[in-house]
Amino acid sequence: MSLIANIIRPEVLDLAAYHVPDSVGFVKLDAMENPYTLSADLQQALATRLAKVALNRYPVPSYSGLKTAIKQQLGVPQDYDLVLGNGSDELISMVSMACAKAGAKVLAPLPGFVMYAMSARLAGMQFVGVPLNADLTLDLAAMLAAIAEHRPAITYLAYPNNPTGTLYEVADIEAILRAVGDTGVVILDEAYQPFSPVSFMSRLGEFDNLLVMRTVSKLGLAGIRLGYMTGSQALLEQFEKVRPPYNINVLTEAAAEFMLEQVAVLDAQAAQLCAQRGVLTEALARLPGVTVFPSAANFLLIRVPQAEQVFAKLVKQKILVKNVGKMHVLLENCLRITVSTPEENSLFLDAFSASL
Ligand SMILES: *Cc1c(COP(=O)(O)O)cnc(C)c1O
């Protein structure tokens, strides 16, 4: 159809739409969601709070109440400001939009989070992927060589990484921050921070080019869509210019403020999921032929012979995990499993053992 060809950019024509499989009736272990729902008491209190929200008004553009709550409850240093996004996916788009000078490049290790490459291409930037080592650790030499060759405007490091769960070495991240210097920003994407023992949040003052990006999605609030990013004021001011003014809606704002008052509930759930990650790791590692990669996130990456068939057999048993085998050569025969409740983890383990 010539209308489409006439108006749509070639980068968009080339894209495949982000595919989300239908999961009704499945044990859903494919998207790193927190499996716990709110208690009846909290549901009631949240409903009361949301009922009072003025839906006829635009959000107050400063979002100062929400920002204060995030800073206090989620460990952002007091002297740092935040940029908020409709999910961290929107923050990634905003940074791309702000940095997309002619010829500007984006760099990240691969396999990694797909939105880095997608957002770069949509903004008209070249994406440079640097393969991880075979054991899915960071290939620092390759990263430094690629940084020297391409001088990326944006370097993404998911810490820990999705879909591998890997926690890169602190010294390697420091080396990358120094190598990039003042020719680019390094975004540490701490989406899985609730499940990780480490963070770069406390080190913002040491690196002018460091941005720390997080989301409340994996903590248990994926449905409200809220991400936040911090770093030097000079950088945040520029990103604020490309942020759509009312990008966080009043219901998200009110729900987030409410849940941050209850953050101990979410923290306790994260602690349970971390404990379950240990239980599941041990159980999987005991099965013949299964390799479990170390994970600091709320999911496990495993390698199993004939992963395609195992995946299909799991689907037949109404268990949905993520088949990542085709994402990258390093992930051949790999499946990614979200850690869930003890009950769902057992259902998965039984079905999985029966599928081997
Ligand atoms: C899930 C995820 C995100 C996206 O989070 P949203 O806030 O839900 O958009 C960002 N980065 C990584 C590495 C993720 O795995």
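Residue numbers start at 1 and run along the sequence shown.
When side chains are defined from C-beta on, Val310 does not count as touching Asn323, because their heavy atoms never get closer than 4.5 Å. Looking only at side-chain heavy atoms (C-beta outward), Met118 and Phe127 stay at 4.5 Å or farther from each other. Leu300 has its side chain within reach of Thr281: a pair of non-hydrogen atoms, C-beta onward, lies under 4.5 Å apart. Looking at Thr338 and Asp30, their side chains never come closer than 4.5 Å, going by heavy atoms from C-beta outward. Residues Lys218 and Glu33 form no side-chain contact, since every pair of their non-hydrogen atoms from C-beta on lies 4.5 Å or further apart. Using a 4.5 Å cut-off on side-chain heavy atoms (C-beta onward), Thr155 and Met143 make contact. Taking the side chain as every heavy atom from C-beta outward, Leu320 and Leu314 never approach each other to under 4.5 Å. Within the 4.5 Å cutoff, no side-chain heavy atoms of Arg336 are placed close to those of Val321.
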Self-check item: Verdict with reasoning, Ser199 to Glu190, per side-chain hydrogen bond (donor to acceptor under 3.5 Å, both in side chains)
Solution: CA-CA 7 Å; Ser199 165; Glu190 296 190 350; 2.8 Å; yes
Self-check item: Working for side-chain hydrogen bond (donor to acceptor under 3.5 Å, both in side chains), residues Thr215 and Arg225
Solution: CA-CA 8 Å; Thr215 171; Arg225 313 302 302 130; 5.4 Å; no
Practice problem: Carefully, step by step, assess Glu257 and Arg49 under the rule salt bridge (Lys or Arg N to Asp or Glu O under 4.0 Å). | Solution: CA-CA 10 Å; Glu257 286 178 3; Arg49 184 79 69 91; 5.2 Å; no
Self-check item: Verdict with reasoning, Gln276 to Thr341, per side-chain hydrogen bond (donor to acceptor under 3.5 Å, both in side chains)
Solution: CA-CA 7 Å; Gln276 283 301 311; Thr341 59; over 6 Å; no
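One finds no salt bridge joining Lys67 and Glu253 here, because no Lys/Arg side-chain nitrogen approaches an Asp/Glu carboxylate oxygen to under 4.0 Å. Classification of Glu308 and Lys326 as a salt-bridged pair holds, one side-chain N sitting under 4.0 Å from a carboxylate O.
Under a hydrophobic-cluster definition in which Ile, Leu, Val, Met, Phe, Trp and Tyr are linked whenever side-chain heavy atoms come within less than 4.5 Å, directly or via other members, Val198 and Leu219 are assigned to the same cluster. By the rule that hydrophobic residues join a cluster once side-chain heavy atoms approach within less than 4.5 Å of another member, Leu204 and Leu82 end up as members of one cluster. Following chains of ILVMFWY side-chain contacts shorter than 4.5 Å, one can reach Leu210 starting from Tyr80, so the two form part of one hydrophobic cluster.
In this structure, Arg243 and Pro61 approach most closely via the heavy-atom pair NH2-O, 3.9 Å. Residues Pro111 and Leu330 share a closest heavy-atom pair of CD-CD1, 4.0 Å. Shortest non-hydrogen contact noted between Pro305 and Gly289 is CD-O, 3.3 Å. A pairwise comparison of heavy atoms in Ala285 and Val292 identifies N-CG2, 3.8 Å as the closest pair.
Each of Tyr159, Phe299, Phe113 was compared with Tyr192 under the ring pair (Phe, Tyr, Trp, His ring centres under 6.0 Å) criterion, and only Phe299 meets it.
Rounding to the nearest 0.5 Å gives a distance of 5.5 Å between CG of Leu122 and CG of Leu15.
Open room surrounds CG on Asp182; 12 or fewer heavy atoms of other groups in view lie less than 6.0 Å from it.
By the 30° and 60° cut-offs, the orientation of the rings of Tyr246 relative to Tyr58 is parallel. The aromatic rings of Tyr156 and Tyr116 lie parallel to each other, with less than 30° between the two planes, well short of the 60° mark.
Side-chain atoms of Asp135 and Thr137 include a donor-acceptor pair closer than 3.5 Å.
Proximity of a side-chain donor or acceptor of Asn6 to a complementary backbone N or O of Ser2 within less than 3.5 Å is detected. A donor-acceptor pair is defined here as one N or O able to donate and one able to accept, closer than 3.5 Å; such a pair exists between the side chain of Ser96 and the backbone of Ile92. One N or O on the side chain of Asn209 and one on the backbone of Leu177 form a donor-acceptor pair closer than 3.5 Å. The main-chain N or O of Leu157 is never found under 3.5 Å from a side-chain atom of Asp189 such that the two would form a donor-acceptor pair.
Under the side-chain hydrogen bond (donor to acceptor under 3.5 Å, both in side chains) criterion, the residue pairs touching residues 283-307 are Gln306-Gln309, with sequence neighbours excluded.
Partners of Thr230 by side-chain hydrogen bond (donor to acceptor under 3.5 Å, both in side chains), not counting sequence neighbours: none found.
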